[in-house]
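Contents: one structure, followed by commentary.
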Amino acid sequence: MNLLSVRNLRTYFDTDGGVVKAVDDVSFDIEPGKTLGIVGESGSGKSVTNLSIMRLIPSPPGRIVSGEVLFGGKDLLKLPTDEIRKVRGKRIGMIFQDPMSSLNPFMRISRQLMEVTELHMGHSSKQAREHAVNMLQLVGIPDAGARIDSYPHEFSGGMRQRVMIAMALSCRPELLIADEPTTALDVTIQAQILELIKKIKSEIRTSVILITHDLGVVAGMADAIIVMYAGKVFERASAGDLFERPANPYTKGLLMSVPDPLRESKARGELYQIPGLPPDPANLPPGCPFAPRCDKAADICRREFPPMVQVAPGHESLCHFAKEVYAEAAHLHS
């Protein structure tokens with residue numbers, strides 16, 4: 001039984017340059033207690049997918065055109081506004097990309113944490129404060145009782161991110177959406193934040209959607225991964241299968257972009273990067289949107305949109321040459 005099932009989700013934005021299909025026919029599932037990684041370059045549709053799940057798309061210019069988001073047997077896209085508000089924060093928690101802009105700079109941390117449980121759990125002011133202190137202790141903020149009345153600017157970037165995690169987990173949600181939770185943090189703090197999410201996930205048995213452009217981040221965290229490009233799911237697989245046998249040239253490019261000291265020493269220290277730039281989402285090329293950057297592209301790729309091909313049980317790739325790419329990866333790995 002899946003905790004969350006997203007089916008054929010489409011979210012478009014009306015712009016001066018045309019209609020941007022930010023999310024275009026995206027489907028995936030997440031099981032209870034599991035972690036799903038959503039990866040891809042900036043602008044691939046990762047964050048918009050999850051803002052759509054939470055019904056947080058600004059309208060205008062955005063609009064959820066079609067699809068289903070089934071959570072606990074209900075389609076979140078069809079719930080009345082007051083019902084979706086009961087789901088946000090209580091049953092689904094979200095860690096936003098930038099903790100400085102997500103926390104109100106004019107409100108003390110205590111007030112921002114307390115209002116979550118006062119609203120969703122009916123806590124009195126005293127209960128809410130005690131719970132807030134406990135949550136700050138849980139996420140590793142030292143001397144939480146004394147620091148709870150600080151303002152956001154009095155915390156470092158890593159500490160603000162911990163406050164965001166405490167807020168997202170205050171009501172022990174069934175699902176936590178972590179949108180680039182380590183962006184703008186130094187490497188040491190990144191590792192601490194990821195370990196913290198893993199630890200709390202196991203303690204409160206929540207499911208996690210981890211959004212990132214960095215495949216290295218999801219390597220030790222995710223059970224399954226979907227790779228997005230130009231608003232589409234380009235590949236989906238278990239984490240182990242995707243890292244060992246990628247079946248899409250785009251996924252291969254992302255994996256090669258992760259620094260590898262052994263590989264770089266052979267290549268005279270040069271870091272690999274995918275050639276070119278992501279396409280203009282309001283003006284996608286005909287055929288496969290990755291074709292202009294792909295070293296495997298043939299005439300059919302520039303002419304026809306690729307099919308979703310199953311290369312192994314539970315492993316699918318949006319590519320005309322998916323089976324060939326998968327076979328090459330399997331041969332290299334063996």
Side-chain angles (χ1 to χ4, degrees), residues 3 33 35-36 47 50-51 53-54 56 85-212 217 221:
L3 175 69
T35 297
L36 172 72
S47 295
N50 288 283
L51 289 171
I53 290 170
M54 299 283 276
L56 291 173
R85 282 181 179 151
K86 291 175 186 175
V87 173
R88 287 188 208 125
K90 184 174 185 182
R91 298 185 63 197
I92 303 177
M94 188 159 184
I95 306 167
F96 293 92
Q97 277 192 34
D98 180 5
M100 196 58 214
S101 61
S102 302
L103 292 167
N104 188 326
F106 301 107
M107 286 174 67
R108 297 181 191 276
I109 297 296
S110 53
R111 186 68 245 140
Q112 297 187 60
L113 281 168
M114 288 164 63
E115 69 179 6
V116 177
T117 54
E118 287 172 353
L119 176 66
H120 290 301
M121 297 170 72
H123 278 180
S124 66
S125 181
K126 183 183 176 189
Q127 288 173 320
R129 187 178 178 87
E130 286 174 1
H131 185 76
V133 171
N134 289 338
M135 289 306 299
L136 290 183
Q137 288 170 339
L138 180 68
V139 298
I141 290 184
D143 203 10
R147 301 207 64 189
I148 191 169
D149 288 316
S150 301
Y151 287 95
H153 73 268
E154 296 177 274
F155 284 85
S156 67
M159 287 295 176
R160 285 196 294 267
Q161 194 62 290
R162 288 169 188 265
V163 172
M164 284 298 301
I165 294 171
M167 193 180 295
L169 294 171
S170 281
C171 300
R172 294 185 167 254
E174 296 152 69
L175 175 64
L176 174 67
I177 299 174
D179 190 355
E180 302 273 12
T182 59
T183 298
L185 301 178
D186 66 57
V187 177
T188 310
I189 303 299
Q190 277 189 25
Q192 290 175 7
I193 294 295
L194 293 173
E195 278 305 312
L196 176 63
I197 292 172
K198 277 171 79 172
K199 170 175 167 275
I200 292 174
K201 177 199 164 193
S202 65
E203 282 183 12
I204 69 173
R205 298 184 61 77
T206 189
S207 300
V208 177
I209 295 177
L210 180 61
I211 308 164
T212 180
V217 165
M221 294 277 294

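Just so you know, these numbers use all the heavy atoms, side chains as well, and skip hydrogens, waters and symmetry mates.
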Within-4.5 Å side-chain heavy-atom neighbours: [X] and [Y]:
X      : Y      : answer
Ile109 : Asp149 : no
Ser150 : Arg108 : no
Leu176 : Ile95  : yes
Ile177 : Met54  : yes
Pro181 : Ile197 : yes
Thr206 : Arg172 : no
Glu115 : Arg111 : yes
Met159 : Pro152 : no

Exercise for the section: Apply the test side-chain contact (heavy atoms from CB on, under 4.5 Å) to residues Arg162 and Leu196: give CA-CA distance (whole Å), side-chain angles for both, the deciding distance (0.1 Å), then the verdict. Expected result: CA-CA 9 Å; Arg162 288 169 188 265; Leu196 176 63; 4.0 Å; yes
Can you tell me how far [atom2] of [Y] sits from [atom1] of [X], rounded to the nearest 0.5 angstrom?
X      : Y      : atom1 : atom2 : answer
Ile92  : Glu174 : CD1   : CD    : 8.0 Å
Met94  : Asn50  : CE    : CG    : 5.5 Å
Glu118 : His123 : CD    : NE2   : 9.5 Å
Leu138 : Ile165 : CG    : CD1   : 10.0 Å
Leu136 : Ile148 : CG    : CD1   : 5.0 Å
Lys126 : Arg129 : NZ    : CZ    : 12.0 Å

If every non-hydrogen atom of [X] is compared with every non-hydrogen atom of [Y], which pair is closest and at what distance?
X      : Y      : answer
Gly89  : Cys171 : O-CB, 3.6 Å
Gly93  : Pro173 : N-CB, 3.6 Å
Tyr151 : Phe106 : CE2-O, 3.5 Å
Met167 : Val116 : CG-CG2, 3.7 Å
Ser170 : Thr117 : CB-CG2, 4.0 Å
Arg160 : His153 : NH1-CA, 4.3 Å

Exercise for the section: List the steps, then state whether side-chain contact (heavy atoms from CB on, under 4.5 Å) holds for Phe96 with Leu56. Expected result: CA-CA 12 Å; Phe96 293 92; Leu56 291 173; 4.1 Å; yes
Practice task
Check for a donor-acceptor pair, side chain of Lys201 on one end and backbone N or O of Val208 on the other, with a separation under 3.5 Å.
Solution key: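 Pair absent, no side-chain N/O of Lys201 close to backbone of Val208.
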Practice task
State whether the side chain of Gln127 and the backbone N or O of Ser124 hold a donor-acceptor pair below 3.5 Å, judged by distance alone.
Solution key: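 Judged by distance alone, yes, a pair lies under 3.5 Å.
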Exercise for the section: Kindly determine whether Phe155 and Leu103 satisfy side-chain contact (heavy atoms from CB on, under 4.5 Å), including the steps that lead there. Expected result: CA-CA 11 Å; Phe155 284 85; Leu103 292 167; over 6 Å; no
Exercise for the section: Could you tell me whether Lys199 and Glu203 make a salt bridge, using a distance below 4.0 angstrom between a side-chain N and a carboxylate O? Expected result: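 So Lys199 pairs with Glu203 through a salt bridge.
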Handout entry: Check against side-chain contact (heavy atoms from CB on, under 4.5 Å), Leu210 and Leu36
Key = CA-CA 6 Å; Leu210 180 61; Leu36 172 72; over 6 Å; no
